[in-house]
Each structure stands twice: as structure tokens, then as C-alpha cells.
Amino acid sequence: MLVYNTLTNKKEEFKPINPPNVSMYVCGPTIYNYFHIGNGRTFVMSDIIRRYLIYKGFDVKFVMNLTDVDDKIIKKANEEKITSAELTARYEAAFMDDIKKFKMKPADVYPKATDHMQEIENIIERLADKGVAYNVDGNVFYDIGKFNGYGKLSGKNIEDLEAGARIEINSEKQNPLDFSVWKKSKEGEPYWESKWGKGRPGWHIECSAMSMKHLGETIDIHAGGNDLIFPHHENEIAQSEAATGKEFAHYWMHFGFLNIDKQKMSKSLGNFFTARDILNQYPAEALRLLFVQSHYRSPLNFSKELIESAQKGTEKLNNLVRLLLKEIDKTDGNLVEFNFENKYKLFTEAMDDDFNTSQATAVIFDFVREVNKLIMDNENIGSEFYDEAIKFIKATADDVLGIIDFSELDSNESTEDDAWILKEIEKRTQAKSDKNWQLADEIRNSLADKGVILEDSKSGTIYKRK
Ligand code: AMP
Ligand code: ZN
């Protein structure tokens with residue numbers, strides 16, 4: 001199985017430190033707002049990577065942190081005249097609701113920075129003892145000149161960075177690139193007592209501390225959006241490796257941006273849709289399908305047309321599953337030839353190649369088309385086939401990609417025989433290609449009378465019940 005590693009800029013064979021265990025840390029949200037679907041892309045794709053590792057037989061410990069101490073949080077809490085803790089409690093609850101709606105598997109741990117002050121202080125102390133961090137009147141900075149590997153993740157070199165860095169006026173830093181690991185508290189800010197006085201941690205050190213606490217000093221996978229490569233992850237590596245003398249994470253995985261009109265979706269630009277707004281309008285499966293149709297490292301431009309077409313895709317999958325569930329109890333049918341093994345192989349090959357979900361999704365939709373055709377072409381198929389077909393969809397589309405919800409597809413809900421509907425659709429498709437528009441319309445209308453609505457798309461006709 002190959003995984004693209006930002007650290008080496010290439011696909012590498014995936015070798016966990018202690019198989020079958022895999023430790024995975026994902027930089028989660030700053031909880032001062034509802035998260036948007038750009039953040040959602042990062043969260044969902046990390047969920048899918050985790051689910052696929054489980055499919056492969058790994059035992060994954062998945063940690064996603066919540067940043068609950070930060071300048072943006074303090075600013076917003078002050079604007080709303082509430083405490084930072086009140087603000088983050090509100091958005092932590094909202095985050096939990098939203099990821100549930102998104103059908104994300106709950107993380108094993110959602111650590112929060114404010115619960116790890118002791119661990120954070122310990123790492124800063126280790127850095128200070130080694131002379132890698134220095135205290136200037138209650139502000140503690142990391143001295144990047146003391147760490148040889150600085151720039152190894154982002155590929156930046158220190159001289160270039162120094163040339164480009166703005167020299168801050170009145171800065172206490174020895175080098176403009178040094179960054180804060182502990183910030184002295186100002187009036188009206190939340191603070192924690194430490195050996196450097198009242199203050200709060202820098203953002204980067206929080207992740208170093210939480211990753212080490214919950215997963216150990218060296219982990220398998222550390223992930224986040226592309227914007228975190230520099231400086232966040234670069235700084236996490238510098239701090240952690242200087243403190244422990246060990247490699248911090250073996251595989252660094254980064255997710256491409258979700259864009260709107262070719263611009264990164266972001267809170268600060270205001271060009272975002274919150275996950276909760278979109279998930280109130282569309283099923284989670286549709287948004288997940290939209291995400292998996294692109295490779296996780298590529299940028300993805302969001303539009304209403306795209307999500308509507310993804311929703312049609314999920315309907316096709318749902319229609320097939322409704323049909324399969326309805327037929328599954330029938331016994332005494334005929335055996336039909338179908339190479340399920342090859343379908344699993346194609347799915348696994350795609351996912352083994354750096355989680356090529358768009359290829360894997362194509363395998364699933366080919367399967368849907370072939371099975372639909374097979375059902376239409378054959379009378380009285382044995383239940384064994386239906387059983388295997390459902391198993392395949394459950395293992396791939398449900399368990400790994402999360403683009404179908406079996407609990408919503410109760411077979412008893414069907415009012416008409418789905419096989420019959422598919423046959424009618426087939427007849428109508430034939431009528432259309434014969435340019436027999438009258439017959440095509442008659443079929444559409446008679447289905448509509450029975451509450452079955454047809455929708456034509458480029459890749460065929462799907463149906464919905466009213
Ligand atoms: P934040 O709450 O801004 O710290 O972001 C939480 C996570 O979402 C981080 O891993 C970010 O890299 C990621 N992220 C932010 N904006 C986008 C976007 N437009 N597309 C994909 N991921 C994003
Ligand atoms: Zn982080």
C-alpha cells in the first residue's frame with residue numbers, strides 16, 4: 001500500500017511502526033465558529049483514510065485535537081462579552097453535532113489544549129533545558145537556528161525565509177523566524193500559571209504535546225490541510241524532535257483545499273458554507289461522494305451543480321440497494337455468473353495507490369451499472385447473488401467511503417416492484433433511442449402516477465419516490 005508523504009515528496013510503501021497498530025493524528029478545528037465544508041473536506045478525507053486502514057486490517061488509534069486557546073477565540077469571546085471557555089464549549093458541542101451529521105466515525109480521543117497545560121509546560125521545559133527555547137520576560141520563543149532539520153517538511157530554507165521575514169519592531173525574538181511556545185498574558189486574556197509566569201501556549205506546541213501524550217513520541221501518520229504544512233507542521237516537527245531526539249511522525253499527509261471560484265474556502269475571506277447549512281439541504285452521503293470523486297491531494301472547486309450531481313449519484317446507489325434488499329429473501333433462483341472477487345481487487349488496487357478514492361468510486365459505479373443490467377437481463381436470480389452484491393456495497397461504499405446509508409433504505413418502504421420500475425425505465429430508454437417520444441412520455445407519466453419520478457442525467461435515468 002502506497003502513501004504520499006509530504007516529508008519526502010513521494011509515494012512510499014506504508015509500514016506502520018507497530019503493526020497491526022496505526023497511530024494517526026489529525027489537526028482539528030479551532031472551536032470558535034461553526035466549521036465550513038472546506039474544513040469538512042479535511043475531516044471527512046481523514047475519516048476515509050482511517051476507515052480504509054481498518055478495512056485493511058489495521059487497528060487504528062485516531063486522535064483529532066480541538067484548539068480551544070487561541071487569539072481568534074479570545075477576540076470573539078471579548079466581542080460577545082463571554083469567557084473563552086463559554087465560547088469554546090458552545091462550538092465544541094456544535095462540532096460534535098456536525099461531524100455526526102457528516103457520518104464521521106468518532107475519534108478515539110478529541111484532546112483539548114486547555115486540558116494539557118502540564119504536558120505543554122513539560123515540553124517547553126525540555127526545550128529550554130536543551131537551550132532550544134529562550135525566555136524573554138515571560139515570553140518563551142523557539143530558537144529555530146538550533147534545529148538542523150528546520151524546513152525539511154515544507155522544503156523551505158532558512159536563508160530564504162530570513163530574507164523574506166519582516167523585522168518586527170520591538171521584537172524580543174533573537175531571530176525573526178523564532179516562534180512563540182509560551183505567550184505572556186495580556187490584560188483581559190485567559191491565562192495559566194507556569195514557571196515563566198501567567199500566560200498561554202502557542203498553537204504549535206499544543207499539537208506537539210497532545211500528539212505525544214495520546215500516541216507516543218513517534219507516530220505513524222500526522223495529517224491536516226495543505227495550509228498547515230508551513231509553519232504549523234514545520235514547527236511541530238522542530239519542537240517535538242528537538243525535545244525528544246526522535247522522529248515525530250513517519251508519514252505527513254496533507255489535504256488539498258476546497259475552493260470556491262478557485263479561491264480557498266476560508267472563514268477570513270467569508271466565502272464559505274458551513275457544514276451544518278449544507279447538511280441541512282443535502283444528505284451527508286452526497287457531500288461525501290463529492291469529496292471522494294477527487295483525489296484528496298488535489299484542489300476541489302465546490303459548486304451547487306456538483307453537489308446536486310453527487311446527490312443523483314447517491315440516488316443511483318440507493319436505488320440499486322433498495323432493489324437488492326427487496327430481492328434478497330427470494331430463494332430457488334438461478335445462479336448467475338458475476339466476478340465479485342475482481343471488483344474487490346479493483347477497489348483495493350485503487351485505494352492502495354495513495355487512497356485513490358475517485359478511482360475506487362468509479363469501480364463502485366461500474367458495479368452499480370453492471371448489476372442493474374444483469375438484473376434486467378435475467379429472470380429469477382438466486383438470493384446468493386443479491387447477498388454478495390449487498391456485501392460488496394456494504395464493505396466499500398458504506399464501511400470505507402460512507403456514501404450510502406443502509407438504515408435509510410428499508411426494503412419494506414418500497415411501494416412498487418423496483419425490478420419492474422427498472423424494466424419500465426429500460427423500455428423508455430429504448431423508446432427514446434427509437435425516437436418514439438409518445439411512448440417515452442407515456443411510460444414517464446404512468447410511473448409518475450404511481451409516485452415514481454424519473455430524472456435523466458448524462459449517465460442514464462434514475463428514479464425517486466415522491
Ligand atoms: P481551522 O479550524 O481553520 O484550524 O482548520 C481546521 C482544519 O481544516 C485544518 O486541518 C485546515 O488545514 C483545514 N482547512 C481549512 N480550510 C480548508 C479548505 N478550504 N479546504 C480544505 N481544508 C481546509
Ligand atoms: Zn496541529
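Counting starts at 1 for both ligands and their atoms, in listed order.
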Could you please tell me which protein N, O or S atoms lie under 2.8 Å from the Zn ion (ligand 2)?
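Those protein N, O or S atoms (cut-off: under 2.8 Å from the Zn ion (ligand 2)) are Cys27 SG, Cys207 SG, His232 NE2.
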Validate the cation-pi geometry between [X] and [Y]: distance from NZ or CZ to the six-membered ring centre under 6.0 Å, angle to the ring axis within 45°.
X: Lys264; Y: Phe257; result: yes
X: Arg297; Y: Tyr4; result: yes
X: Arg50; Y: Phe62; result: yes

Lys15: partners by salt bridge (charged side-chain N to carboxylate O under 4.0 Å, His left out), with sequence neighbours left out
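Lys15: no salt bridge (charged side-chain N to carboxylate O under 4.0 Å, His left out) contacts found.
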Within a radius of less than 6.0 Å around NZ of Lys105, do more than 12 heavy atoms belonging to other residues, nucleotides or ligands occur?
no
In chain-and-number order, ligand 1 lies under 4.0 Å from a heavy atom of each of Cys27, Gly28, Pro29, Thr30, His36, Gly38, Asn39, Thr42, Phe43, Gly224, Gly225, Asp227, Leu228, Gly256, Phe257, Leu258, Lys264, Met265, Lys267
For the student: nearest non-hydrogen atoms of His214 and Lys61, plus distance
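Taking every non-hydrogen atom into account, O-NZ, 3.0 Å.
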Return the set of residues passing ring pair (Phe, Tyr, Trp, His ring centres under 6.0 Å) with His254 (not counting sequence neighbours), or none when no residue passes.
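Expected list: His233.
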Is a side-chain donor-acceptor pair under 3.5 Å present for Asn372 with Arg369?
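There is no such pair between these side chains.
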Look at Lys101 together with Asp97 and state whether they make a salt bridge at an N to O cut-off of under 4.0 Å.
no
